[in-house]
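Here the structure comes first, spelled out in structure tokens, and everything after it is commentary.
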Amino acid sequence: MTIEGFTAASREFFTRDALELAPDLLGCHLAHTTDDGTVGLIITEMEAYTGERDPGSHAFRGKTARNSTMFGEAGHLYAYFTYGMHYAINVVAGEVGHPYGCLVRAGRVIEGADLARRRRTKPARVSALPDRDLARGPGNLAQALGANLGNDGDDLIGGRWQLLVPDVKPADISTGPRVGVSGPGGDGDTFPWRYWITGDPTVSAYKPGAVRVRS
DNA sequence: CCAACGATTAACT
DNA sequence: GTTAATCGTTGGT
């Protein structure tokens with residue numbers, strides 16, 4: 001399926017430093033097809049993880065069974081499990097051997113919203129679930145897309161995943177410190193390696209941090 | 001082998 | 001704003 005105003009991503013698009021790729025993934029259309037159907041969304045929030053030089057990265061202490069996908073070819077999916085109950089997905093960036101990852105933190109569902117909602121309300125929910133919350137936060141986004149550990153290593157090119165790059169980039173992008181991560185300074189300093197589309201209601205609400213705008 | 005903790009979420013005060 | 005829920009991965013014993 002193609003969408004007006006978007007072009008399928010090439011391998012070269014992914015084969016860059018995470019700090020370049022993460023903001024460029026904002027505004028992209030990410031879709032996943034399973035036997036249950038397709039859910040597609042516009043990415044509204046990203047974070048960059050720069051491998052062995054980044055204390056916040058799963059790859060900071062080198063290659064392990066869990067993070068090995070990040071050391072492989074760019075454009076694949078690094079999926080992991082955390083907090084005993086949530087999955088999250090990263091887009092692998094950089095050359096082979098460089099464990100760069102871009103965490104997809106939030107998106108606006110524009111295709112298969114009914115399927116996404118079914119997945120997100122599987123265990124009965126007490127409160128109502130607004131459309132804007134369907135893929136708000138890394139764990140929620142993974143669940144809406146039907147992603148789990150079985151998707152670790154999936155290729156975003158040519159499989160059941162599809163990543164389309166917008167012909168026109170989002171006009172207004174904000175940056176700030178990543179969520180729940182300390183920076184290379186080690187003192188709790190954080191680097192502005194979180195990116196989001198300014199003012200978008202689907203962006204997760206945690207610790208806004210110092211906001212800067214770059215056009 | 002075992003204990004600690006996390007790139008979180010949802011509900012509650 | 002605070003906190004319980006929940007378990008795989010990691011790193012130290």
Side-chain angles (χ1 to χ4, degrees), chain A residues 17-19 21-23 25-26 30 41 43-71 74 76-94 98-107 109 116-154 174-186 188-196 201-209:
Chain A
D17 192 286
L19 294 176
L21 178 60
L25 284 169
L26 293 175
L30 175 65
L41 53 78
I43 297 173
T44 57
E45 181 184 1
M46 295 291 308
E47 278 180 5
Y49 289 85
T50 57
E52 279 135 330
R53 61 185 150 109
D54 179 359
S57 170
H58 288 169
F60 182 55
R61 290 182 174 76
K63 195 172 181 177
T64 66
R66 174 168 73 155
N67 66 27
S68 64
T69 298
M70 270 201 291
F71 287 78
H76 287 249
L77 215 54
Y78 165 48
Y80 67 88
F81 179 80
T82 191
Y83 284 101
M85 52 185 102
H86 300 297
Y87 300 103
I89 59 175
N90 292 245
V91 176
V92 176
H98 293 251
Y100 297 158
C102 299
L103 173 67
V104 187
R105 288 192 57 90
V109 176
R117 175 171 294 277
R118 248 176 285 139
R119 287 170 172 158
R120 290 276 286 107
T121 54
K122 207 60 182 268
R125 239 184 111 90
V126 175
S127 55
L129 179 62
D131 283 349
R132 72 173 52 170
D133 289 350
L134 285 175
R136 193 181 200 213
N140 292 335
L141 178 140
Q143 190 177 18
L145 285 172
N148 54 52
L149 279 188
N151 297 109
D152 183 43
D154 282 2
S174 297
T175 69
R178 292 176 298 184
V179 175
V181 173
S182 306
D189 293 342
T190 51
F191 282 64
W193 291 346
R194 178 184 180 216
Y195 311 87
W196 66 92
T202 65
V203 171
S204 64
Y206 308 111
K207 309 170 186 173

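So you know, we letter chains A, B, ... as the sequences are listed, proteins then strands, and number each from 1. Computation of the quantities below employed the complete heavy-atom set of this structure, encompassing side-chain atoms and omitting hydrogens, waters and symmetry-equivalent molecules.
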Item to check | Check: A:V179 main-chain N/O paired with A:E47 side-chain donor or acceptor under 3.5 Å | outcome: yes
note: A:R61, atom CZ; C:dG11, atom C1'; distance rounded to Å ~ 9 Å
- Taking the six-membered ring for Trp, does A:F81 stack with C:dG8 (centroid gap under 5.5 Å, planes within less than 30°)? no
Is any NZ, NE, NH1 or NH2 atom of the basic residue among A:R66 and A:D152 found under 4.0 Å from an Asp or Glu carboxylate oxygen of the other? no
note: A:K63, atom NZ; C:dT10, atom P; distance rounded to Å ~ 13 Å
Of C:dT6, B:dA7, B:dA10, the nucleotide closest to the side chain of A:M85 is C:dT6
Sequence neighbours excluded, the answer for salt bridge (charged side-chain N to carboxylate O under 4.0 Å, His left out) partners of A:R61 is none
note: A:R178, atom CZ; B:dT8, atom P; distance rounded to Å ~ 11 Å
Checking B:dA7, C:dG8, B:dA11 against the side chain of A:H58 (C-beta onward), the nearest is B:dA7
Item checked: Contact check, side chains of A:W196 and A:R105, non-hydrogen atoms, under 4.5 Å -> no
Atom OH of A:Y80 and atom P of C:dT10 are separated, to the nearest Å, by 13 Å
In whole angstroms, the gap separating C1' of B:dT8 from CD of A:E47 amounts to 12 Å
Once hydrogens and angles are ignored, does a donor-acceptor distance under 3.5 Å link the base of C:dA5 to the side chain of A:Y83?
no
A:D133 atom CG is separated from B:dA11 atom P, nearest whole Å, by 11 Å
Between CZ of A:R66 and C1' of B:dC5 the distance, given in whole Å, is 11 Å
Could you tell me whether the phosphate oxygens of B:dA7, OP1 or OP2, come under 4.0 Å of any side-chain nitrogen or oxygen in A:T82?
no
A:N140 CG to B:dA7 P, in whole Å, measures 17 Å
Of B:dA11, B:dA7, C:dT10, the nucleotide closest to the side chain of A:V126 is B:dA11
Considering only heavy side-chain atoms of A:H86, the closest of B:dA10, B:dT8, C:dT9 is B:dT8
**OP:** Please work out if A:M46 contacts a base, only the sugar-phosphate, or nothing of the nucleic acid, heavy-atom cut-off 4.0 Å.
**Re:** nothing
Assess whether salt bridge (charged side-chain N to carboxylate O under 4.0 Å, His left out) is satisfied between A:R53 and A:D17, documenting all intermediate values.
CA-CA 12 Å; A:R53 61 185 150 109; A:D17 192 286; 2.9 Å; yes
Those stems involving DNA chain C that have three or more consecutive Watson-Crick or G-U pairs, both distances under 3.5 Å, are B:1-6 with C:7-12, B:8-12 with C:1-5
ask   = Hey, is the side chain of A:R125 poking within less than 4.0 Å of OP1 or OP2 on B:dA10, counting only N and O atoms?
value = yes
Does A:R117, at its CZ atom, have more than 12 non-hydrogen atoms belonging to other residues, nucleotides or ligands within less than 6.0 Å? yes
Sub-3.5 Å donor-acceptor pair from the side chain of A:N90 to the main-chain atoms of A:G101, do we have one? no
